[in-house]
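To start, the structure itself, in structure tokens.
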Amino acid sequence: MQRIEKIIKELTCQAALHSWNATLEEGNVQVQKTRREFEGDFTVVVFPLLKFSKQSPEQTGESLGVYLKRSSDLIEDFNVIKGFLNLVIAQQYWKELLDGALRSPSYGRRVPGEDSPGVMIEYSSPNTNKPLHLGHIRNNLLGHSISRILKATGNRVKQVNLVNDRGIHICKSMLAWQMDGKGEDPLSSGMKGDHLVGKYYVRYDQIYKSQVQTFVENGMSQKEAEAEAEVLIEAREMLRKWEAEDPEVRALWKTMNDWVYAGFDQTYRRLGINFDKTYYESETYKLGKELVLKGLREGVLYQKEDGSVWANLEEEGLDHKLLLRSDGTSVYMTQDVGTAHQRYEESAFDSHIYVVGNEQNYHFQVLAIVLKKLGYAWADKLYHLSYGMVELPEGKMKSREGTVVDADDLMDEMEVTARQMSEELGKLEEFSEEEKRRICRQIGMGALKYFILKVDPRKNMTFDPRESVDFNGNTGPFIQYTYARIRSVMRKGADMHKGTGNEELNKKEVILIRMMHDFPEILSEAAHTLNPSLVANFMYELAKEFNQFYHDYSILSAETAGQVSQRLLIIEAAGNMIESGMELLGIEVPERM
RNA sequence: GGCUCCAUAGUUCAAGGGAUAGAAUAGCGGUUUCCUAAACCGUAGAUACAGGUUCGAGUCCUGUUGGAGCUACCA
């Protein structure tokens, strides 16, 4: 069955040809859903048509309405208010939809095939010197949800992670552990590996600060002291040894990184995310140098007297960018040039998405330009999904002030709150301990994920811990609860299914079906704009609409058997759609809660 | 200083150039012999400021004010 919007557009073009002898494209026809306060299902905005009809808005709407009604059985009636032609769609359309596609768990989804576009998406990209925090959570949830959305819209998606496992920051943790660690490890300390390493990163900072202070007290300037502090010099020396592949340093580095990975794995599992491939910066940081040198030979880059290599981006309205240091070593940009090249060689992606915060806008702008200069046509297949910062009600998270919200702590807290709420409401009394745990985990994680994903990724957002554990209103648990209610009714009504009921649909039922009819468009819009919040907000609207319906009309005690059957079809569709949509957000839905 | 992004009820978020700017939350007032009240209903409350483009501007353009980010031989 063809979608009704498409039919309306086609017929409008026909009408324009017949009535006004004007040729217009379907793209010129604006069809939107009729606002609730007016009679109708879809609305054609007639203002853009006036230049073809050469009539008043009212006359144009009226004559178009007459034409549409006469041309299609699906258009039952119309009315014109100001410049808006409101169309009432025949019940038959909604009923056929309900009997067919709408109830499918895969409604609106497409399955990727061999020749579907290949999308590589990089996200998470943690440093190994400290545990994941709230900012990483947003990154991970976005990356994962976008991956699922892209898969569901027919793309072959490859999820990759790039772990920043080398550099001065890791050396700082290593050094502090050597100084103060007394040999403790995750087992002996009972700490998660990433937290343990993070503890020594903090420890390093304390040692550093106290050394700086001592130097200043002995008459050194602040700036001088900061540059001369012994631990900093030692950390640099350790990095140098790391690069020289000193066995002892490498061994410690490997040990501590492995602790961190074990910790990260746990956090990732809990978040429900996974990667098809993980890249390690220690293996990729040298990549890119050859490409840069080649660019230098070809004259698209230039070299200063000190030997450093640069790209001149003035033509693009930017600055000059360093690509190789005077000692010949690579910088971050060099590495990204290399990894992009490597990935394209590996899988010839049709697009490559980087889920990275907006503080790196400049970096990715430069990356694309540099790749272009180096002659890679695929440079314009790179896309930086630049998401906004997560702030707390009192402002930015600051590690120095201890206001960083730890990812693991946050997840714990969400689950504990779910537990408390469930117990207060007496929701889980008849469940086993294991079931209780599972449901509270689903609810807690659902609340957290929804809270973050409902916001447009590109915008900065405020994370209010108090609000995030609210399970009422526009929240994940609200939608989960709606699902649980649906499933409950379906269990009770399993025997009452008597096939299709051909009953008159009431207003609320039509609204629900019409809303569900939109799901494919929401999906494709979300995929197009890489924006899971569209799916999240749609799920909320749907749940809200469903709850009103549920409140106003009885399903199992409807007046006729036909009505019972028909309503069971509607809630089946709604349940499947909630499950499907929430899956795209990485949120599980419980059968009971 | 330069560049980029942002500004919507007390607060947190919506609104493909289209009708009277929607929700949630906090506040106030209601709904339970009935399929899960983590629900439902009612009430009140917002486009930073000044211009411009348009039949029509929260949305596009210019300026002002306020906020964030970037502007490293860091990543």
Side-chain angles (χ1 to χ4, degrees), chain A residues 30 32 34-38 43 45-48 50-51 57 81-84 86 125 127 164 166-169 281 285 304 306-310 317-319 321-327 329-333 335-336 357-363 365 386 388-389 391 393 395-396 418 421-422 424-425 427 443 447 451 454-456 458-464 466-468 470-475 477-482 484-493 521 525 529 533-534 536-537 540-541 543-544 546-558 564 567 571 592-593:
Chain A
Q30 277 184 52
Q32 50 192 231
T34 303
R35 296 183 59 137
R36 203 158 287 208
E37 57 267 34
F38 303 103
T43 296
V45 184
V46 304
F47 295 108
L50 301 184
K51 59 184 169 210
I81 297 173
K82 292 197 260 178
F84 299 91
N86 302 319
S125 317
N127 290 359
N164 180 11
R166 63 167 282 277
I168 189 78
H169 40 290
E281 206 190 297
Y285 80 105
K304 288 189 180 173
D306 63 6
S308 57
V309 180
W310 298 73
L318 301 173
D319 218 335
K321 179 71 193 177
L322 177 92
L323 292 171
L324 288 177
R325 296 191 185 99
S326 49
D327 63 6
T329 57
S330 297
V331 292
Y332 182 52
M333 182 65 69
Q335 170 200 296
D336 256 2
N358 63 12
E359 76 265 8
Q360 292 192 35
N361 286 354
Y362 181 74
H363 174 82
Q365 201 184 347
S386 161
M389 304 278 98
E391 290 174 13
K396 284 194 69 175
M421 289 290 291
S422 298
E424 266 172 42
L425 295 169
K427 289 285 185 182
I443 296 171
F451 189 83
K454 76 175 174 184
V455 181
D456 185 329
R458 289 156 186 86
K459 293 192 177 176
N460 289 356
M461 66 172 288
T462 305
F463 184 88
D464 186 338
R466 262 201 325 248
E467 230 179 283
S468 70
D470 193 348
F471 296 163
N472 301 316
N474 187 358
T475 66
F478 173 90
I479 300 165
Q480 291 172 316
Y481 177 68
T482 307
R485 280 175 135 189
I486 288 172
R487 301 298 294 172
S488 174
V489 175
M490 286 177 71
R491 280 190 299 272
K492 290 190 174 149
E521 280 174 22
E525 178 75 7
T529 57
S533 79
L534 298 176
N537 286 306
Y540 172 66
E541 296 293 329
K544 192 172 157 57
F546 179 83
N547 279 324
Q548 285 173 14
F549 170 68
Y550 179 94
H551 180 267
D552 291 349
Y553 298 99
S554 177
I555 295 154
L556 301 178
S557 313
V564 172
R567 288 182 184 168
I571 71 163
R592 300 178 168 84
M593 66 183 269

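Each chain gets a letter, A, B and so on, in the order its sequence line appears, and its residues count up from 1. Atom set for the values below is all heavy atoms of this structure, side chains included, hydrogens, waters and symmetry mates excluded.
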- What do you reckon, do A:Phe38 and the base of B:A19 stack, with centroid distance below 5.5 Å and planes below 30°? yes
- N/O (side chain, A:Ser488) to phosphate O (OP1/OP2, B:U36) under 4.0 Å: yes
- Message: Keeping A:Asp306 on the side-chain end and A:Ser326 on the backbone end, is there a donor-acceptor pair under 3.5 Å?
- Response: no
- Message: Within the 4.0 Å heavy-atom criterion, would you say A:Ser422 contacts the bases, only the backbone, or no part of the nucleic acid?
- Response: base
- Query: Is any side-chain nitrogen or oxygen of A:Arg466 closer than 4.0 Å to OP1 or OP2 of B:A26?
  - Reply: no
- Query: What about A:Asn86: does its side chain form a donor-acceptor pair under 3.5 Å with the base of B:A19?
  - Reply: yes
- Message: Just verifying a value: how many Å separate A:Glu541 CD and A:Asn474 CG, rounded to the nearest 0.5 Å?
- Response: 8.0 Å
- A:Val45 near the nucleic acid: base, sugar-phosphate alone, or nothing, with a heavy-atom cut-off under 4.0 Å? base
- Could you tell me whether A:Gln30 contacts a base, only the sugar-phosphate backbone, or nothing, with contacts defined as non-hydrogen atoms closer than 4.0 Å? base
- Query: Phosphate oxygens OP1/OP2 of B:U20: is one of them under 4.0 Å from a side-chain N or O of A:Lys82?
  - Reply: yes
- Expressed in whole Å, how much space separates the P atoms belonging to B:G16 and B:U53? 25 Å
- Message: Does A:Leu324 reach a base, just sugar-phosphate, or nothing at all? Heavy atoms under 4.0 Å.
- Response: nothing
- Item | Closest to the A:Glu37 side chain, choosing from B:A75, B:A19, B:C13 | B:A19
- Query: Reckon A:Lys396 touches a base, only the sugar-phosphate, or nothing at all at heavy-atom distances under 4.0 Å?
  - Reply: sugar-phosphate
- Between B:A24 and B:C41 - P atom distance, rounded Å: 8 Å
- Centroid separation A:Phe471 to A:Phe478 less than 6.0 Å: no
- If we take the C1' atom in both B:U8 and B:G22, what is their distance in whole Å? 11 Å
- Message: Strictly below 4.0 Å: does A:Gln548 bring a side-chain N or O up to OP1 or OP2 of B:C41?
- Response: yes
- Item | A:Lys427 side-chain proximity, nearest of B:A14, B:A23, B:A37 | B:A37
- Item | Nearest-Å distance once atom P is located in both B:A15 and B:C6 | 13 Å
- Would you mind classifying the nucleic acid contact of A:Arg592 as base, sugar-phosphate or nothing, using non-hydrogen atoms under 4.0 angstrom? base
- Task: For B:G58 and B:A19, measure between their P atoms and round to the nearest Å.
- Result: 9 Å
- Query: Under 4.0 Å between a side-chain N/O of A:Asn472 and OP1 or OP2 of B:A39, yes or no?
  - Reply: yes
- Query: Base, sugar-phosphate, or nothing for A:Thr43, non-hydrogen atoms under 4.0 angstrom?
  - Reply: base
- Does A:Phe478 lie flat on the base of B:A38, that is, centres under 5.5 Å apart and planes under 30° off? no
- For atom C1', what is the distance between B:A26 and B:G45, given to the nearest Å? 12 Å
- Select base, sugar-phosphate, or nothing to describe what A:Phe47 touches, counting heavy atoms under 4.0 Å on all strands. base
- A:Lys459 vs B:A14: side-chain N/O to OP1/OP2 distance below 4.0 Å: yes
- Note on the structure: When A:Asp552 and A:Val489 are each assigned the nearest nucleotide of RNA chain B, the 5'-most assignment goes to A:Val489
- Item | Nearest-angstrom distance, P atom, B:A14 to B:U32 | 36 Å
- Of the nucleotides B:C13, B:U71, B:A39, which has the atom closest to the A:Asn547 side chain? B:A39
- Message: Please give the stem ranges for RNA chain B, sorted by first residue number, where a stem is three or more consecutive Watson-Crick or G-U pairs and both donor-acceptor distances are under 3.5 Å.
- Response: B:1-7 with B:65-71, B:10-13 with B:22-25, B:27-31 with B:39-43, B:48-52 with B:60-64
- Below 4.0 angstrom from OP1 or OP2 of B:C74, is there any side-chain N or O of A:Arg325? yes
- Query: When all nucleic acid strands are considered with a 4.0 Å heavy-atom cut-off, which category describes A:Asn164: base, sugar-phosphate, or nothing?
  - Reply: sugar-phosphate
- Report yes or no: is the cationic atom of A:Lys304 (NZ for Lys, CZ for Arg) closer than 6.0 Å to the six-membered ring centre of A:Trp310, at no more than 45° off its axis? yes
- Note on the structure: Picking from B:A38, B:U36, B:C73, the nucleotide nearest the side-chain atoms of A:Asp306 would be B:C73
- Task: Report the nucleotide, chosen from B:A23, B:A39, B:U20, that has the shortest atom-to-atom distance to any side-chain atom of A:Arg485.
- Result: B:A39
- Query: Would a 4.5 Å heavy-atom cut-off, applied to side chains only, mark A:Ile555 and A:Phe549 as touching?
  - Reply: yes
- Task: Answer with base, sugar-phosphate or nothing: what part of the nucleic acid does A:Met389 contact at a heavy-atom distance below 4.0 Å?
- Result: nothing
- Of the nucleotides B:A15, B:C40, B:A38, which has the atom closest to the A:Leu534 side chain? B:A15
- Task: Looking only at side-chain atoms of A:Glu359, point me to the closest of B:A38, B:C70, B:C73.
- Result: B:C70
- Message: Closest-nucleotide mapping onto RNA chain B: is A:Ala543 or A:Tyr553 further toward the 5' terminus? I mean the 5' end.
- Response: A:Tyr553
- Query: For A:Asp456 and A:Ser533, what are the C-alpha separation, side-chain angles and deciding distance, and is it a side-chain hydrogen bond (donor to acceptor under 3.5 Å, both in side chains)?
  - Reply: CA-CA 5 Å; A:Asp456 185 329; A:Ser533 79; 5.3 Å; no
- Message: Please report whether the ring centroid of A:Phe463 lies less than 6.0 Å from that of A:Phe451.
- Response: yes
- Message: Considering every strand and a 4.0 Å limit on heavy-atom distances, what is the contact class for A:Gln360: base, sugar-phosphate, or nothing?
- Response: base
- Message: Taking the P atom in each of B:U54 and B:G10, what is the distance between them to the nearest angstrom?
- Response: 34 Å
- Below 4.0 Å: OP1/OP2 of B:A38 and any side-chain N or O of A:Tyr481: yes
- Item | A:Lys544 side-chain N/O to B:A39 phosphate OP1/OP2 under 4.0 Å | no
- Is A:Lys454 near enough to B:U12 that one of its side-chain N or O atoms lies under 4.0 angstrom from OP1 or OP2? no
- Are there more than 12 heavy atoms of other residues, nucleotides or ligands under 6.0 Å from atom CZ of A:Arg491? yes
- Message: Just to be sure I understand the rule, does A:Asp336 reach a base, reach only the sugar-phosphate, or reach nothing, if contact means heavy atoms closer than 4.0 Å?
- Response: nothing
- Query: With a non-hydrogen cut-off below 4.0 angstrom, is A:Ser554 in contact with a base, only sugar-phosphate, or nothing?
  - Reply: base
- Which part of the nucleic acid does A:Pro48 contact within heavy-atom distance under 4.0 Å: base, sugar-phosphate only, or nothing? base
